[in-house]
Amino acid sequence: MRVKTIEWKNDQVVMLDQRLLPHKEINRVCRDYKEVAAAITQMVIRGAPAIGVAAAMGVALGALKSKAKNFDEDFDEIVSTLAKTRPTAVNLFWALERMKKVYLENRDGGVEAVKRSLKIEAQKIYKDDIAANKKIGAFGAKLLTDAKHVMTHCNAGALATAGYGTALGVMRALKESGQKFEVLVNETRPFLQGARLTAWELKKEKIAATLITDNMSGYLMQTGRVDAVVVGCDRIAANGDVANKIGTYTIAVLARRHGIPFYVAGPTSSIDLNCPTGKDIPIEQRDPKEVSHMFGRPLAPEGMNILNPAFDVTSQELISAIITEKGIIYPPYRQNIENHVRH
Ligand code: MRU
């Protein structure tokens with residue numbers, strides 16, 4: 001694997017600082033859970049499954065370094081600090097729940113036993129995510145056997161996961177199958193995950209790719225240059241509505257207008273059965289400076305009113321299929337998602 005997004009090393013959490021890509025490949029070393037929480041908030045690491053893995057490692061690190069007399073209180077503080085980092089990707093809360101479960105199951109064995117089990121669980125979440133992505137890749141590639149031009153939005157690659165990626169995992173699997181195709185990479189304003197991260201990752205992987213600005217996607221679809229769209233997801237509601245990077249909804253509407261299949265790839269840890277519809281998904285509002293400035297320079301007049309929702313919701317009727325590590329979910333989503341998760 002060529003991209004190392006995050007790893008547990010010598011009882012520290014090491015992450016590739018994604019804010020510096022594509023120009024610099026520099027690791028950030030987190031020595032305590034507060035540093036992990038700050039890294040998630042500041043987008044050193046981002047992407048739903050990667051945030052989940054980072055949060056799990058943050059809990060394990062926090063527990064390991066805890067010297068508190070009251071370990072239970074410390075544990076609650078660690079979990080609640082990490083839970084406040086980013087609101088939309090459900091993988092964060094899913095990972096924290098998994099860590100809490102391990103804590104409760106091992107509590108009677110004493111603090112050292114709890115610390116050991118939390119460390120093991122965090123590594124398991126990491127490894128499971130890579131395994132899930134490879135399965136997503138294999139299932140997704142089967143849907144794209146005729147596709148020559150596949151569009152993606154944001155970065156749902158190795159950088160957004162423990163490794164391999166979801167939407168980009170599908171591209172990796174397609175390449176491994178020997179298919180000739182290119183990826184159309186939307187730049188993904190305002191944070192430029194497409195231009196900075198997806199472009200970097202695909203280049204490293206030697207997968208043919210073309211970068212476009214977000215507002216070119218309709219033109220390319222209209223002129224017959226897009227065969228399919230594959231995106232990742234931050235949260236899938238019980239009815240199949242999907243929250244993903246801002247701009248995803250626009251592409252889904254355009255894809256439907258032009259009869260192009262629109263696929264969502266994500267692990268089952270991105271499914272939130274407690275969230276009935278997309279309206280119930282909290283949408284993160286980020287710093288207006290991400291819109292008004294680029295690389296520290298202002299683009300707009302000072303004092304301009306600015307909006308910066310980081311995600312949008314694509315309604316389920318626009319989604320052709322959802323690809324998970326367990327297989328492919330087709331409509332009707334409400335019943336099929338529930339069956340998929342429970343079996
Ligand atoms: O704000 P980000 O960069 O964390 O948003 C990431 C996305 O929207 C991804 O598409 C999503 O998390 C899926 S990652 C496999």
Side-chain angles (χ1 to χ4, degrees), residues 3 5-6 15-19 21 39-55 85-95 126 129-130 132-137 140 151-172 183 185-201 214 229-236 242-252 262-272 278 281-287 290-291 308-314 319 322-325:
V3 180
T5 308
I6 181 165
M15 303 168 187
L16 181 58
D17 190 338
Q18 299 192 24
R19 298 165 311 169
L21 291 172
I40 298 173
T41 311
Q42 294 161 10
M43 310 273 279
V44 170
I45 190 160
R46 31 64 51 201
I51 292 171
V53 172
T85 51
R86 295 193 70 193
T88 304
V90 73
N91 311 63
L92 169 75
F93 308 98
W94 169 88
Y126 171 88
D129 187 57
I130 297 178
N133 292 336
K134 292 200 168 153
K135 287 185 186 153
I136 290 169
M151 180 174 282
T152 194
H153 191 66
C154 194
N155 172 268
L159 288 169
T161 60
Y164 202 75
T166 56
L168 292 195
V170 174
M171 314 299 176
R172 284 190 162 89
V183 183
V185 180
N186 292 351
E187 68 171 345
T188 320
R189 275 278 286 157
F191 210 74
L192 303 177
Q193 287 95 332
R196 296 188 306 103
L197 309 177
T198 297
W200 176 83
E201 210 180 306
D214 300 332
V229 179
V230 186
V231 296
C233 52
D234 287 83
R235 195 184 293 226
I236 303 173
V242 168
N244 191 48
K245 181 51 54 195
I246 190 77
T248 303
Y249 169 61
T250 318
I251 299 161
F262 180 92
Y263 300 118
V264 171
T268 46
S269 57
S270 298
I271 298 175
D272 185 359
I281 302 176
I283 300 294
E284 179 181 10
Q285 306 293 319
R286 293 189 59 84
D287 188 346
E290 289 176 359
V291 174
N308 188 15
F311 301 95
D312 60 24
V313 173
T314 298
I319 300 167
I322 297 171
I323 309 154
T324 83
E325 76 278 15

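One-based numbering, in listed order, for ligands and for the atoms of each. Since this is a predicted model, take the numbers as computed values, not measurements.
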Next on the checklist: The criterion is salt bridge (charged side-chain N to carboxylate O under 4.0 Å, His left out); which residues satisfy it with Asp214, sequence neighbours excluded?
Outcome noted: none

Checklist outcome for this item: The residue among Thr5, Ile130, Asn91, Asp234 that forms side chain to side chain contact (heavy atoms under 4.5 Å, CB included) with Pro49 is Asn91

Note every protein N or O atom lying under 3.5 Å from an N or O atom of ligand 1, pairing the names and giving the distance.
{"from": "ligand 1", "atom 1": "1 (O)", "to": "Arg86", "atom 2": "NH1", "distance (Å)": "3.4"}
{"from": "ligand 1", "atom 1": "1 (O)", "to": "Arg86", "atom 2": "NH2", "distance (Å)": "2.8"}
{"from": "ligand 1", "atom 1": "1 (O)", "to": "Lys245", "atom 2": "NZ", "distance (Å)": "2.8"}
{"from": "ligand 1", "atom 1": "3 (O)", "to": "Arg46", "atom 2": "NE", "distance (Å)": "2.8"}
{"from": "ligand 1", "atom 1": "3 (O)", "to": "Arg46", "atom 2": "NH2", "distance (Å)": "3.3"}
{"from": "ligand 1", "atom 1": "3 (O)", "to": "Gln193", "atom 2": "NE2", "distance (Å)": "2.8"}
{"from": "ligand 1", "atom 1": "4 (O)", "to": "Gly47", "atom 2": "N", "distance (Å)": "2.9"}
{"from": "ligand 1", "atom 1": "4 (O)", "to": "Arg86", "atom 2": "NH1", "distance (Å)": "2.8"}
{"from": "ligand 1", "atom 1": "8 (O)", "to": "Asp234", "atom 2": "OD1", "distance (Å)": "2.8"}
{"from": "ligand 1", "atom 1": "8 (O)", "to": "Asn244", "atom 2": "OD1", "distance (Å)": "3.1"}
{"from": "ligand 1", "atom 1": "8 (O)", "to": "Lys245", "atom 2": "N", "distance (Å)": "3.2"}
{"from": "ligand 1", "atom 1": "10 (O)", "to": "Asn244", "atom 2": "OD1", "distance (Å)": "2.6"}
{"from": "ligand 1", "atom 1": "12 (O)", "to": "Ala48", "atom 2": "N", "distance (Å)": "2.8"}
{"from": "ligand 1", "atom 1": "12 (O)", "to": "Asp234", "atom 2": "OD1", "distance (Å)": "3.2"}
{"from": "ligand 1", "atom 1": "12 (O)", "to": "Asp234", "atom 2": "OD2", "distance (Å)": "3.0"}

Next on the checklist: Using every non-hydrogen atom in the two residues, find where Asp272 and Arg235 come nearest and quote the distance to one decimal.
Outcome noted: OD2-NH1, 2.7 Å

Next on the checklist: More than 12 heavy atoms of other residues, nucleotides or ligands under 6.0 Å from OH of Tyr249: yes or no?
Outcome noted: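 Result for OH/Tyr249: open.
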
Checklist entry - Run the side-chain contact (heavy atoms from CB on, under 4.5 Å) check on Val3 and Trp200 step by step: do they pass? => result CA-CA 10 Å; Val3 180; Trp200 176 83; 4.0 Å; yes

Checklist entry - Between the side chains of Arg46 and Gln18, is a donor N or O closer than 3.5 angstrom to an acceptor N or O? => result yes

